[in-house]
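Below, all heavy atoms of this structure are taken into account, side chains as well, without hydrogens, waters or symmetry copies.
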Amino acid sequence: MSVMTALVAAAALVCRAALLEWREPGAGRRMGAFLTDRRALAAGLVTAVLLGAAGWSRAGIAAVAWAALAGVLVASLTAAGRRGPENRGLRGRGPENGC
């Protein structure tokens, strides 16, 4: 695994966020809400540090890039698990709303 692969994966996530924002204004802000959640940031930081330290001896800087990406994903998922459906972009969709 190379650093470039990790950067491409991160760029794909940024493009996904941009497309969601384009389709539904405010979706990008909701996706980035984990940046203000202390618990989510702590979980992401711990993940990144542990994975980066464990992988440094085997893969060098590429492990750090992948660890950082994993930390961001863990932080995002940790915050998403704590939000209700109204903050996940599910408002107005589903059988109870006639969809």
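A salt bridge is absent between Glu21 and Arg30: the closest approach of a Lys/Arg side-chain nitrogen to an acidic carboxylate oxygen does not fall below 4.0 angstrom.
Between Leu69 and Leu13 there is a side-chain heavy-atom pair separated by less than 4.5 Å. Between Trp56 and Val64, the closest side-chain pair of non-hydrogen atoms falls below 4.5 Å.
Taking both residues in full, the closest heavy atoms of Gly52 and Ala67 are given as N-CB, 3.3 Å, listed atom of the first, atom of the second, then distance. Looking at every heavy atom in both residues, Ala65 comes nearest to Ala6 through CB-CB, 3.8 Å.
Note that CG of Leu41 is 6.5 Å distant from CG of Leu35, once rounded to the nearest 0.5 Å.
With Thr47 contributing its side chain and Ala43 its backbone, the two residues share a donor-acceptor pair below 3.5 Å.
None of Leu51, Thr5, Val3 except one satisfies the side-chain contact (heavy atoms from CB on, under 4.5 Å) rule with Trp66; the exception is Thr5.
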